[in-house]
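Comments concern the structure below.
Values in this document were obtained by computation on a predicted structure and should not be read as measured data.
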Amino acid sequence: MCLGIPMKQTDAQCGQTFENDPTDNQDVDDESEVDPDDEEEVDDWMLLCRINQNYGEAVDWFEMVRAVPRDLLKESPGWIYSQRREAEEHGQHFREDDQQCVIDPETLNEKQRLAYDIITSQNGDNAEPVYMIVCGTAGTATTGIAAFSINGQTLHSAAQLPIREYRDLQGDSLQRLQLRLEGKRFLIIDEMSMIGHKMLSWLDNRLRAGTGKEDIPFGGMSVILMGDFGQLPPVGDKPMYVSDQVMRQASENPEAVAFRALLMRMRNGEVTGEDWKLLLEHSTTNYEKLLQLGQPVAKIQAKHSGHGASAATSDEAGGLDAVLFLSTKAEVMLTCNLWAEVGLCNGSFGTIEQIWFAENMGPPNLLIAVLVHFHSYTGPAFLDACSKCIPVPPKVFEWVADGKCLSRQQVPLRLRYAMTIHKSQGQTLTKAVVHLGKGEKVAGCTFVATSRVRSIHDIVFEPMTFDRLKAIGRSKNMQKRLEAEQRLKVLAEKTVQTYNRS
């Protein structure tokens, strides 16, 4: 399944499309084990670029790099890493003051204010830890882009969690975690649907070790989970489920109220024929127009080490694609966390300003770096003339498969005109084009794709059948999630009664 973001049309720039894998109609035995990158085996924008774009030798790929000062060019591959290391060593912070969003508690709705009051009431030295789930549908960070939005860190970074195999921390690694947790009492985790049983267990172990309180759950820290378990489940882990109120579409005008009601029916697998007709009114077959860049395109092949590395998916290779097609003026997205604290995180959007190849080493060779203008970047300036233009060099990712050590070296970028639903979760999009495919391959996909926008007028769909929407209700884990939500609703009512009595 795929989601697209129509861009403001300038020259031949185009929009973003989210598309489903052609195998979506196959049965899936365990939804939690689905690989999100399975959704994008065929990249339509690549196919169109191959047909319409210029790959001839007439393109001078070295014209840009000749104008770059040699010392700057030499510095570019390791610049962002050296800046990050220096900032961490000196405790520097680069977030701009206007990005620190302070919320007046008086503006919270009734349930938000209740959660706020419960948490803040446990602020004394002898207060008991708080374990709370705060539910809010489609709009409440396990991902880098969500972490940056709330001036936080990813859970993997903050708790030094592994990607695959858990190991206890020792020596300097354990000391860094202990220093990070010193004086901390609350851990607030957003996008809770992407946290599974295994990750929660790993987190418990890390917090016990990091606080030194081995016999107390989560090391005695208060843990508050936020988000909506009706969204995408974790990959390779057992999911947990909850939800309550839609926030992204928070307006009270009749149209917004109707859109919220449609989203909740979609979320719970209860879509109607009228819902289907409404979505078809917002459909398009012209998404080819969104995929025409109109610029010379550089094909960039990754370097591989180890038998089978070239056939690995981008998910297996740390978000690095085996082949990239890039051009200047293209809208791109980072596929790894380079420096999340300053806005260079997995999912960050930017625009390519220049592509720097070494002399006589043009496409399809790996380049020196791609100069990208990142809209949300707040760190130190690489160029005086453009404070948000940052060089993104190739990155090496190593992993083990079947006992073999493999590696891939590639630029951690991907065109943002098309992204998977997993990449879109946690983001609010101004416009979107959605191709739902033939089936609900992963629970929550249709709901997440549709709820990325604020209004029904901000989204268009590739035509789909009514049976495709009804397939949401046939999702394997739907009934389990609804039963869990009912249990949590009862617990929430008891919490309200207990708190009101006190």
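- Between the CD1 atom in Ile390 and the CG atom in Leu338 there is a gap of 10.0 Å [rounded to 0.5 Å].
- Distance CD/Gln175 to CD/Gln170: 13.5 Å, rounded to 0.5 Å.
- In this structure Tyr166 satisfies the ring pair (Phe, Tyr, Trp, His ring centres under 6.0 Å) test together with Trp202, sequence neighbours excluded.
- Contact detail for Pro380 and Gln83: the closest heavy-atom pair is CG-OE1, 3.3 Å.
- In Asp172, the CG atom is not crowded: 12 or fewer heavy atoms of neighbouring residues, nucleotides or ligands sit closer than 6.0 Å.
- To the nearest 0.5 Å, atoms CG (Leu155) and CD1 (Ile189) are separated by 5.0 Å.
- Taking a 6.0 Å sphere around NZ of Lys74, one finds it holds 12 or fewer heavy atoms contributed by other residues, nucleotides or ligands.
- Note: Met333 CE to Leu415 CG = 9.0 Å, rounded to the nearest 0.5 Å.
- Between Asp228 and Phe447 the shortest side-chain heavy-atom distance falls below 4.5 Å.
- With sequence neighbours excluded, the residues satisfying side chain to side chain donor-acceptor pair (under 3.5 Å) with Gln160 are Arg180.
- Cys336 contributes atom SG, which lies 11.5 Å from atom CD of Gln410 (distance to the nearest 0.5 angstrom).
- From Phe218, atom CZ reaches atom CG of Leu187 across 9.0 Å, with rounding to the nearest 0.5 Å.
- Relative ring orientation between Phe382 and Trp79 is described as perpendicular, the plane-to-plane angle rising above 60° on a 0-90° scale split at 30° and 60°.
- No more than 12 heavy atoms of other residues, nucleotides or ligands lie within 6.0 Å of NZ in Lys303, so this atom counts as exposed by the packing criterion.
- Heavy atoms from other residues, nucleotides or ligands lying under 6.0 Å from CZ of Arg66 number more than 12.
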